[in-house]
Amino acid sequence: MEKIIGGIKRDCYPITPAQLVHIYTLKLSETAEIVNIGTGQYLKANVNIAALREALNRAVERCESLRLRLWKDPETDEVFQYVMPYENRFFEYYDFSEWTEEKAHEVLSKWTAQPFDTFSGPLSRIVIVTLPGGFNGFYLNVHHCCMDSGSVIAFVKDVMEIYCYLMHDFPYPKPMTSYIEAVKKELEYEGSKKHEKDEAFWLGKLKRPEPMYTDFTGKKRLSKLRDINNAPHQRWGMLYSSNGDGNTVTYSLDAESTKIIIDFAEKYNVPVSAVILHAIRTVLSKFNDNETDITIKNFISRRTTVLQKKCGGVLMHCLPLRTIIPLDTSVIDSIRIITEEQQQMFVHADYPTMKYYVKMRQHYEAEPNSTYESIGFTYQPATMKSIVPYLKDIEFKSRWYSSGKQAQPMYITAMHRQNDGGLNFYFGYQTEFANEKEVEFLYYFIGRVLFRSIENPDKTLEEIINMT
């Protein structure tokens with residue numbers, strides 16, 4: 001539909017259910033930077049700044065969602081989106097080579113904490129950067145309504161491939177797809193037969209008994225809530241930050257250890273994500289007196305078609321992955337149960353996040369903003385075949401910066417590095433509910449359970465818990 005915005009006709013579209021989650025987050029937050037995504041991509045190599053600037057411009061031209069604008073109708077408060085025509089940009093260059101790396105990253109974190117004016121103006125910023133130690137690359141800060149982690153990765157890969165074409169005679173990358181075409185398909189979902197099937201699936205989940213909240217620090221939070229509410233059998237928890245203050249910590253798993261996980265997944269024909277989810281789930285069980293009913297908020301990228309994989313934007317939905325697994329279940333059977341549950345979720349992952357959580361709380365008569373999950377998780381798959389050939393023998397750093405705010409109490413992203421395929425684990429957390437020592441403690445136990453499980457696939461969950 002056409003709208004007159006600033007005296008100019010624009011082709012506008014309603015926002016999607018995935019974007020609505022971030023608009024809702026903005027309404028609850030005191031500050032807008034809570035929806036910022038800051039990331040840096042750096043090569044330990046000499047980089048031709050002019051060529052990188054050209055590669056970035058071409059990539060932005062090919063990525064409609066990086067030219068996205070949001071507009072709120074002043075009469076109805078309804079939010080619409082439209083894409084600005086491409087204009088060549090001169091990306092700033094900052095040389096931090098004489099600084100300490102800590103100070104350089106501190107500046108980049110501060111940039112990430114600069115909010116965008118959500119409903120008027122650009123929703124992204126790109127800067128070319130030189131870091132200490134011979135690392136060169138670029139920094140991207142983008143509004144979450146324009147991109148999720150999957151589209152950031154696709155954009156970075158496109159930039160690198162264009163740069164390799166310009167400088168090293170690699171083939172020019174295939175075109176990106178249209179974000180607007182993806183939005184149109186998203187908007188066709190409401191009222192469709194697919195929507196009916198998905199709703200029947202998720203409403204069917206509510207026929208089960210009420211889930212149990214399991215906290216990543218143990219039972220004390222739920223026990224305290226039970227005392228406050230004088231409800232000794234209460235099963236829902238509450239992790240609602242008053243200000244959203246947060247931080248991000250990154251842990252890197254070497255390529256060799258990552259290969260052990262991948263080889264195990266291939267041997268038993270299970271997804272890598274299910275192997276990691278098994279570890280997180282088992283840790284939550286261990287920390288909560290061997291609880292068997294565990295729910296994790298599973299973030300699903302929903303990028304299965306070529307259109308979805310290369311359109312940019314935000315397609316991620318988050319829905320509960322609930323499994324009730326007895327302690328005498330073997331590791332491999334636990335992973336297979338998680339795999340089956342996750343595969344069912346993928347089939348029905350188009351169902352809107354907010355719609356489900358409203359229905360769930362109403363059904364179980366839980367308070368607004370209550371939860372049964374203390375941890376959110378997403379996995380960004382990658383194989384060596386997907387790595388840009390130019391990067392394979394070059395040291396590469398990928399950094400995700402905190403805006404100082406986090407929308408989730410604890411959000412773990414497992415993501416493969418572009419140069420060696422090793423896994424980085426990004427822990428985004430709200431400081432009201434965790435500190436860095438508690439995050440490190442959690443990561444330590446996830447790692448112990450993960451590799452003990454891989455080494456002992458036939459042992460029971462109880463045995464693995466006791467071993468760790």
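Note that these values count all heavy atoms, side chains included, but never hydrogens, waters or copies made by symmetry.
Checked by atom type, the side-chain pair Tyr351/His317 shows no donor-acceptor distance below 3.5 Å. Between the side chains of Tyr42 and Asn136, not a single donor N or O lies within less than 3.5 Å of an accepting N or O. Thr248 and Gln406 share a donor-acceptor pair across their side chains, judged by distance under 3.5 Å alone. Side-chain contact, Thr295 with Glu373: no donor N or O sits under 3.5 Å from an acceptor N or O. Side-chain atoms of Tyr189 and Asp198 form a donor-acceptor pair, as typed in the model, at a separation below 3.5 Å.
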- [ ] Take Ser151 and Val314, measure what side chain to side chain contact (heavy atoms under 4.5 Å, CB included) needs, and give me the verdict at the end.
- [x] CA-CA 7 Å; Ser151 52; Val314 53; over 6 Å; no

Open item on the list: Lys297 vs Ile375, test: side chain to side chain contact (heavy atoms under 4.5 Å, CB included). Steps then yes/no.
Closed with: CA-CA 6 Å; Lys297 186 178 286 187; Ile375 293 178; over 6 Å; no

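For residues 113-128, every residue pair satisfying the salt bridge (charged side-chain N to carboxylate O under 4.0 Å, His left out) rule, not counting sequence neighbours, is listed here: Glu92-Arg125.
Under a cut-off of 6.0 angstrom, the local environment of CG in Asp169 is sparse, with at most 12 non-hydrogen atoms contributed by other residues, nucleotides or ligands. Within 6.0 Å of the CD atom in Glu455, the count of heavy atoms belonging to other residues, nucleotides or ligands exceeds 12.
Side-chain atoms of Gln19 come within 3.5 Å of backbone atoms of Thr16 as a donor-acceptor pair (strictly under, hydrogens ignored). Put simply, the side chain of Arg10 never gets that close to the backbone of Tyr82: no donor and acceptor are under 3.5 Å apart.
The heavy-atom pair separating Ser252 from Arg417 by the smallest distance is CB-NH1, 3.8 Å.
By the side-chain hydrogen bond (donor to acceptor under 3.5 Å, both in side chains) test, Ser29 is found to be paired with no residue, residues two or more places apart in sequence or in another chain being considered. Evaluation of the side-chain hydrogen bond (donor to acceptor under 3.5 Å, both in side chains) rule for Ser273 yields Gln342 as partners, not counting sequence neighbours.
Just one of Trp400, Tyr139, Tyr401 meets the side-chain hydrogen bond (donor to acceptor under 3.5 Å, both in side chains) condition when paired with Thr112; it is Tyr139. When each of Phe216, Phe287, Phe451 is checked for a ring-ring contact (aromatic ring centres under 6.0 Å, His included) with Phe445, only Phe287 meets the rule.
A salt bridge is defined here as a Lys NZ or Arg NE, NH1 or NH2 lying under 4.0 Å from an Asp or Glu carboxylate O, and Glu181 with Lys184 meets this definition.
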